[in-house]
Trainee: 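What follows is a single structure, and I will ask about it in a moment.
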Amino acid sequence: MLKKLALTGLCAAALGGAFVQAAQAADPAPQVVASGLKAPWSIAFSGDTPLVSERGTARILALRPDGSVATVATIAGVDGRGEGGLLGIAVHAGYLYAYFTAGDENRIERFRIEGRGSELRLGPPQKIFGGIPSASYHNGGRIAFGPDGMLYASTGDAGQRSRAQDLNSLGGKILRMTPEGKPPRDNPFAGSYVYSYGHRNVQGLAWAADGKLYASEFGENTWDELNLIRPGGNYGWPEVEGKGGGDKFIDPLQQWPTAQASPSGIAIHGGSIYIASLRGQRLRKVALSAPATATELYVGQYGRLRDVALAPDGRLWILTNNTDGRGQPRPGDDRILAVPAP
């Protein structure tokens, strides 16, 4: 059932109080768009052709209208150990961009898109950015193009906390670059790719209609976060996890106990942010007009949720992630579920 969580000021849980929950109408019934996927990580659309990345197999898949899939490409050089592998993908100006773990670095490559539908193919790789710290965990990995035409990439601290506060490190950051992988002149730190810092492991990026950037972030043992990203902003990790108060760091708009969240991909539609949760096994809906409140959908119904994306037809596509070694796969997993935006 759908649940409404009312939060005022600081998160109720942060104040030691209990969440207020009220049962509402049943969640919209999803349609299974595709099944039998292997640890999928990201959804993108090339025109009306849906594309999916698989973390361990390093495959880019195109979905056919009947729900079957075609392998568009297998990305060379991907190291799929731990939480690494083929992670975020994005489509822009005739190219597919891919963020992936390759040995001792995470890198971004792009590929010219040729054809469409199940006949779509990728041209030779062009490495546009590298040197992002990698590890078996905390690799970040979400990439997305903003309304300014720039490519944004989230990076993790790769297990070394100090990287997040070090402006000379690419770890624990949100990076901003041109489509060719160069630092824009209007970045907040001259000559740097760093757009914001003090992050532990951001895995969701999305823009509202007013151009504001929002990000979801994994905490450690206490709080996961939803943040409004400001150019040059310091979000506190590892000095602060969740809301710290004061002027030194930017507090999250909302935080949740880690057992109820592990927020990954996010999408914005109709004045709301939708957040896919892994450990929390739910889809959260946060109103932009009231970012300290949330509605929960599909709690525990489909297991771990890795990504949510807005499809060309206006529906939300939800990507399950139960075959990644941490979930409990169910018949048909992993799947893509399509629902009307609640």
Trainee: Would you please say whether a donor-acceptor pair under 3.5 Å links the side chains of R142 and S264?
Mentor: yes
Trainee: Does any non-hydrogen side-chain atom of R282 lie less than 4.5 Å from one of L305?
Mentor: no
Trainee: Distance only, no hydrogens: is a donor on one side chain within 3.5 Å (strictly under) of an acceptor on the other, for Q328 and R304?
Mentor: no
Trainee: So does A39 get a backbone contact from the side chain of D324, meaning a donor-acceptor N/O pair under 3.5 Å?
Mentor: no
Trainee: Check whether the side chains of Q165 and N234 place a donor and an acceptor atom closer than 3.5 Å, and report yes or no.
Mentor: yes
Trainee: I need the I113 CD1 to I60 CD1 distance, nearest 0.5 Å.
Mentor: 10.0 Å
Trainee: Between R284 and E296, does any NZ, NE, NH1 or NH2 come within less than 4.0 Å of an OD or OE carboxylate oxygen?
Mentor: yes
Trainee: Compare all side-chain heavy atoms of I266 with those of L205 and state whether any distance is below 4.5 angstrom.
Mentor: no
Trainee: Under the salt bridge (Lys or Arg N to Asp or Glu O under 4.0 Å) criterion, do K182 and E180 qualify, and how do the steps go?
Mentor: CA-CA 6 Å; K182 304 299 181 183; E180 295 74 33; over 6 Å; no
Trainee: Test your reading of the model: is there a side-chain donor-acceptor pair from T49 to the backbone of R116, 3.5 Å cut-off?
Mentor: no
Trainee: Please tell me whether I43 and L63 are part of a single hydrophobic cluster in this structure, the criterion being side-chain heavy atoms less than 4.5 Å apart.
Mentor: yes
Trainee: So V52 and S42, do their side chains get closer than 4.5 Å, heavy atoms only?
Mentor: no
Trainee: Is the number of heavy atoms from other residues, nucleotides or ligands under 6.0 Å of R330 CZ greater than 12?
Mentor: yes
Trainee: Test your reading of the model: is there a side-chain donor-acceptor pair from S53 to the backbone of I89, 3.5 Å cut-off?
Mentor: no
Trainee: Evaluate the side-chain proximity of F100 to S134: yes if any heavy-atom separation is below 4.5 Å, no if none is.
Mentor: no
Trainee: Mind listing the closest non-hydrogen atom pair of P263 and W256 along with its distance?
Mentor: CG-CZ3, 4.4 Å
Trainee: Can you tell me how far the CG atom of L213 sits from the OG atom of S196, to the nearest 0.5 Å?
Mentor: 7.5 Å
Trainee: Examine distances only and state if a side-chain atom of S136 and a backbone atom of G82 form a donor-acceptor pair shorter than 3.5 Å.
Mentor: no
Trainee: Quick one, T101 with N106, criterion side chain to side chain donor-acceptor pair (under 3.5 Å). Give me CA distance, side-chain angles, the key distance, then yes/no.
Mentor: CA-CA 4 Å; T101 312; N106 285 296; 2.8 Å; yes
Trainee: State which residue, out of Y95, Y97, W207, fulfils the ring-ring contact (aromatic ring centres under 6.0 Å, His included) condition with F145.
Mentor: Y97
Trainee: Do D157 and H138 pair up side chain to side chain, a donor and an acceptor below 3.5 Å, judged on atom types alone?
Mentor: yes
Trainee: I'd like to know whether W223 forms a side chain to side chain contact (heavy atoms under 4.5 Å, CB included) with T258, so could you lay out the CA-CA distance, the side-chain angles of the two residues, the decisive distance to 0.1 Å, and finally the verdict.
Mentor: CA-CA 5 Å; W223 299 115; T258 54; 5.8 Å; no
Trainee: Counting only N and O atoms by type, is there a donor-acceptor contact under 3.5 Å from the side chain of N201 to the main-chain atoms of F218?
Mentor: no
Trainee: Quick check: does any side chain N or O of Q254 sit under 3.5 Å from a backbone N or O of P291, one acting as donor and the other as acceptor?
Mentor: yes
Trainee: With side chains defined as the heavy atoms from C-beta onward, is the minimum distance between E109 and Q126 less than 4.5 Å?
Mentor: no
Trainee: With respect to W317, which candidate in L337, V339, I336, V308 satisfies the side-chain contact (heavy atoms from CB on, under 4.5 Å) definition?
Mentor: I336
Trainee: Kindly indicate, with the supporting measurements, whether the criterion side chain to side chain contact (heavy atoms under 4.5 Å, CB included) is fulfilled by V72 and L96.
Mentor: CA-CA 11 Å; V72 167; L96 176 107; over 6 Å; no
Trainee: Where the side chain of R55 meets the backbone of W41, is there a donor-acceptor pair that is under 3.5 Å apart?
Mentor: no
Trainee: Distance-only, no hydrogens or angles: does the E225 side chain make a donor-acceptor pair with backbone N or O of G242 under 3.5 Å?
Mentor: yes
Trainee: Would you mind reporting whether Y274 and L316 have side-chain heavy atoms less than 4.5 Å apart?
Mentor: yes
Trainee: Rounded to the nearest 0.5 Å, what separates atom CG in N321 from atom CG in D333?
Mentor: 9.5 Å
Trainee: Start with the C-alpha distance between M177 and M150, add both sets of side-chain angles, then the distance that settles side chain to side chain contact (heavy atoms under 4.5 Å, CB included), and finish with yes or no.
Mentor: CA-CA 6 Å; M177 65 193 74; M150 296 294 128; over 6 Å; no
Trainee: State whether the number of non-hydrogen atoms from other residues, nucleotides or ligands found under 6.0 Å of R64 atom CZ is greater than 12.
Mentor: yes
Trainee: Please step through salt bridge (Lys or Arg N to Asp or Glu O under 4.0 Å) for the pair R59 and E54, ending with a clear verdict.
Mentor: CA-CA 5 Å; R59 295 191 303 173; E54 288 186 333; 2.9 Å; yes
Trainee: Please report the shortest heavy-atom distance between V78 and I75, naming the atom on each side.
Mentor: CG2-O, 3.4 Å
Trainee: Please answer whether the main-chain N or O of G236 pairs with a side-chain N or O of K248 as donor and acceptor at a distance below 3.5 Å.
Mentor: no
Trainee: Go through the steps to decide whether I318 and L283 satisfy the test side chain to side chain contact (heavy atoms under 4.5 Å, CB included), and finish with yes or no.
Mentor: CA-CA 9 Å; I318 304 169; L283 183 71; 3.8 Å; yes
Trainee: Are V91 and L151 in one and the same hydrophobic cluster, where Ile, Leu, Val, Met, Phe, Trp and Tyr link if side-chain heavy atoms are under 4.5 Å apart?
Mentor: no
Trainee: Is it the case that more than 12 heavy atoms not belonging to K127 sit under 6.0 Å from its NZ atom?
Mentor: yes
Trainee: Might you point out which heavy atoms bring E220 and E241 nearest each other, and give the distance in Å?
Mentor: N-OE2, 2.7 Å
Trainee: Tell me if a side-chain donor or acceptor on N187 pairs with a main-chain N or O of R176 at a distance below 3.5 Å.
Mentor: yes
Trainee: Do you know which of W237, F249, Y235 makes ring-ring contact (aromatic ring centres under 6.0 Å, His included) with H199?
Mentor: Y235
Trainee: Looking only at non-hydrogen atoms, find the nearest pair between A44 and A90 and report the distance.
Mentor: CB-CA, 4.3 Å
Trainee: V33 and L319: same hydrophobic cluster, using ILVMFWY side-chain contacts below 4.5 Å?
Mentor: yes
Trainee: State, to 0.1 Å, how close K285 and L297 come at their nearest heavy-atom pair, and which atoms those are.
Mentor: CB-CD1, 4.0 Å
Trainee: Would you say V202 ends up clustered with Y195 if hydrophobic residues are merged whenever their side chains have heavy atoms under 4.5 Å apart, either directly or through other cluster members?
Mentor: yes
Trainee: Check for me, please, whether I132 and V194 land in the same ILVMFWY cluster - side-chain distances under 4.5 Å, paths through other members count.
Mentor: yes
Trainee: Can you name the closest pair of heavy atoms from G159 and Y137 and give their distance?
Mentor: CA-CE1, 3.7 Å
Trainee: Kindly compute the distance separating CG (L37) from CG (N322), expressed to the nearest 0.5 Å.
Mentor: 11.5 Å
Trainee: Can you see whether Q260 engages R279 through a side-chain donor-acceptor pair at a distance of less than 3.5 angstrom?
Mentor: no
Trainee: Between F129 and L170, is there a side-chain heavy-atom distance shorter than 4.5 Å?
Mentor: yes
Trainee: Would you say that V286 contacts T293 through its side chain, given a criterion of any heavy-atom pair below 4.5 Å between the two side chains?
Mentor: no
Trainee: With distance as the sole criterion, is a donor-acceptor pair present between the side chains of D334 and T323 under 3.5 Å?
Mentor: yes
Trainee: At what distance, to the nearest 0.5 angstrom, does CD of E217 lie from CD of Q203?
Mentor: 10.0 Å
Trainee: Look up atom CZ in R110 and atom NE2 in H92, then write down how far apart they are to the nearest 0.5 Å.
Mentor: 8.5 Å
